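To keep things clear, I will list the structure first and then write my remarks on it.
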Amino acid sequence: MTILEFRQQCEKALDSCRKESQEVDSLDKLNAFKGRHLGKKSALTSFYQGMKDLSLEDRKVFGQVLSELKANITAIYEERLKEIDEKMLLEKMAKKKVDISLPGFDKATGTIHPYFKVVREIVDFFVGLGFVVADGPEVETDENNFERVNIPKDHPARDMQDSFVISDGWILRSHTSAVQSRVMKEMGGKEPVKIICPGKVYRRDNDATHSHQFGQIEGLVISKDATFANLLELLTKLLRHLFGEKRSVRFRPSFFPFTEPSIEADISCFECDGKGCSFCKNTGWIEILGAGMVHPNVLRLNGYDDKACQGFAFGLGIDRIAMLKYGIDDIKKLYLDDADFLAQFRKE
């Protein structure tokens, strides 16, 4: 057989393949088509088998013609496969029409943790009054955490707070007052200062009602005209913002090393409306936070002239506010990954 005759046979086989492909309209027919034209019993395979009797020179020429034939048949098969796949997809889509009038699926969504709900609410309140949010490291120096807030090494206030020592002179901060120390140091005696400092703090865990780690937000204001009356008005607005405008607020004397005079703030019990119940231990009041005018020693230790300016500071526990605000009866719930517990705050 001459190469010309062989080419004619190949073209005839390709012609037959093209015509037959037009009748193929399903995957089953396409698979049968592939077997007939590309399988072991196909004409293509017969052509390859007939090459064994050819000379080496003829094999090269005939082999090139066969390669072209195989490539053309494969292209016809793949094109038909693509067309059938598209046809099947359209038929499937036509059978599964979407009724856009039906309601969508309700996907479960997360929620903000009650701890961070309180943080956001308090931060938003103070930022709206012109306060700046300040932050600092949780591993602090003894100087920033104690010395610069008027708690020297022999002060009894350290008994409950110097529990987590990292190394000599370094501890896990026991209050965010350390951030205030850093800010005052950075200001270099300049005023005004108007900051709030939210964050985690660490103290000794003595009983089931306390945690070795909890959240705290402290505030500091230093200026020439900051007064005790300003502090009382600010705290009254804050507590009524958090617990309702109907809440009564009272202030009573207390002691803190970094403030003088010092006070503690209480609100009327929201369970009994101040009449007395087990929740408020029959006092009608719930303790909320501590505050006071910045101690002159603190001003001097941080580079301020206590004769030229004054200030006030306050601090409240984030966990405690969250528990009171949302009726949480166990502080451990704030630290457990309980989806059922957290889901109830989705409505808030």
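Quantities reported herein were computed from a predicted structural model and do not represent experimental measurements.
- With sequence neighbours excluded, the residues that form a side-chain contact (heavy atoms from CB on, under 4.5 Å) with Glu121 are His241, Leu242, Lys325.
- Remark: the backbone N or O of Phe341 is paired with a side-chain donor or acceptor of Gln344 at under 3.5 angstrom.
- Under the 3.5 Å distance criterion, the side-chain polar atoms of Arg80 are left unmatched by any main-chain donor or acceptor of Phe33.
- Evaluation of the side-chain hydrogen bond (donor to acceptor under 3.5 Å, both in side chains) rule for Arg182 yields Glu140 as partners, not counting sequence neighbours.
- A salt bridge is defined here as a Lys NZ or Arg NE, NH1 or NH2 lying under 4.0 Å from an Asp or Glu carboxylate O, and Lys237 with Glu233 meets this definition.
- Proximity of a side-chain donor or acceptor of Arg320 to a complementary backbone N or O of Gly215 within less than 3.5 Å is not detected.
- Applying the side-chain hydrogen bond (donor to acceptor under 3.5 Å, both in side chains) rule to pairs touching residues 258-272 yields Arg247-Ser268, Arg250-Asp266, Arg252-Asp266, Ser254-Glu264, Thr259-Ser262, sequence neighbours excluded.
- Note on Ile331 and Ile318: same hydrophobic cluster, where clusters join Ile, Leu, Val, Met, Phe, Trp and Tyr whose side-chain heavy atoms are under 4.5 Å apart, directly or indirectly.
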Side-chain donor/acceptor pairs under 3.5 Å, residues 183-195, sequence neighbours excluded:
residue, atom, partner, partner atom, Å
Glu191, OE2, Lys224, NZ, 2.4
Lys194, NZ, Leu129, O, 2.8

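- Under the side-chain hydrogen bond (donor to acceptor under 3.5 Å, both in side chains) criterion, no residue pair touches residues 69-78, with sequence neighbours excluded.
- Contacts of Lys333 classified as salt bridge (charged side-chain N to carboxylate O under 4.0 Å, His left out), with partners at least two apart in sequence or in another chain: Asp329.
- For Glu83, the CD atom is densely surrounded, since the number of other residues' heavy atoms within 6.0 Å is greater than 12.
- Gln216 places a side-chain N or O within 3.5 Å of a backbone atom of Thr176 that can act as its donor or acceptor partner.
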For residues 291-302, tabulate all N or O donor-acceptor pairs below 3.5 Å that involve a side-chain atom, not counting sequence neighbours.
residue, atom, partner, partner atom, Å
His295, ND1, Asn297, N, 3.0
Asn297, OD1, Arg300, NH2, 2.4
Asn297, ND2, Asn150, OD1, 3.3
Arg300, NH1, Asp306, OD1, 3.4
Arg300, NH1, Asp306, OD2, 2.9
Asn302, OD1, Arg148, NE, 3.1
Asn302, OD1, Arg148, NH2, 3.3
Asn302, ND2, Arg148, O, 2.8
Asn302, ND2, Val298, O, 2.7

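- The pair Lys153-Asp142 counts as a salt bridge, with a side-chain nitrogen and a carboxylate oxygen less than 4.0 angstrom apart.
- In this structure, the side chain of His212 does not engage the main chain of Tyr202 through any donor-acceptor pair within 3.5 Å.
- Interatomic distance, CG of Asn282 versus NZ of Lys275, reported as 13.5 Å (0.5 Å rounding).
- The backbone N or O of Phe345 lies less than 3.5 Å from no partner atom in the side chain of Tyr326, so there is not a single donor-acceptor pair.
- Residues Leu342 and Ile328 share a single hydrophobic cluster, defined by chaining ILVMFWY side chains whose heavy atoms lie under 4.5 Å apart.
- A donor-acceptor distance shorter than 3.5 angstrom exists from the side chain of Thr236 to the backbone of Leu232, with no hydrogens or angles considered.
- Legend: side-chain hydrogen bond (donor to acceptor under 3.5 Å, both in side chains) pairs involving residues 122-131, not counting sequence neighbours: none detected.
- For Phe131, the ring-ring contact (aromatic ring centres under 6.0 Å, His included) partners are Phe126, not counting sequence neighbours.
- One N or O on the side chain of Asn31 and one on the backbone of Leu27 form a donor-acceptor pair closer than 3.5 Å.
- When hydrophobic side chains of Ile, Leu, Val, Met, Phe, Trp and Tyr are connected at separations under 4.5 Å, Met93 ends up clustered with Leu89.
- For Phe270, the ring-ring contact (aromatic ring centres under 6.0 Å, His included) partners two or more places apart in sequence, or in a different chain, are Phe243, Phe279.
- Note on ring orientation: taking the six-membered ring where Trp is involved, the planes of His113 and Phe116 are perpendicular (angle over 60°, cut-offs 30° and 60°).
- Remark: Ile166 engages Val139, Trp170, Leu172 in a side-chain contact (heavy atoms from CB on, under 4.5 Å) (not counting sequence neighbours).
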> Between Leu316 and Ile321, does a side chain to side chain contact (heavy atoms under 4.5 Å, CB included) hold up when you go through it step by step?
Replying inline: CA-CA 8 Å; Leu316 58 158; Ile321 298 296; 3.7 Å; yes

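- The main-chain N or O of Ala226 is found under 3.5 Å from a side-chain atom of Ser223 such that the two form a donor-acceptor pair.
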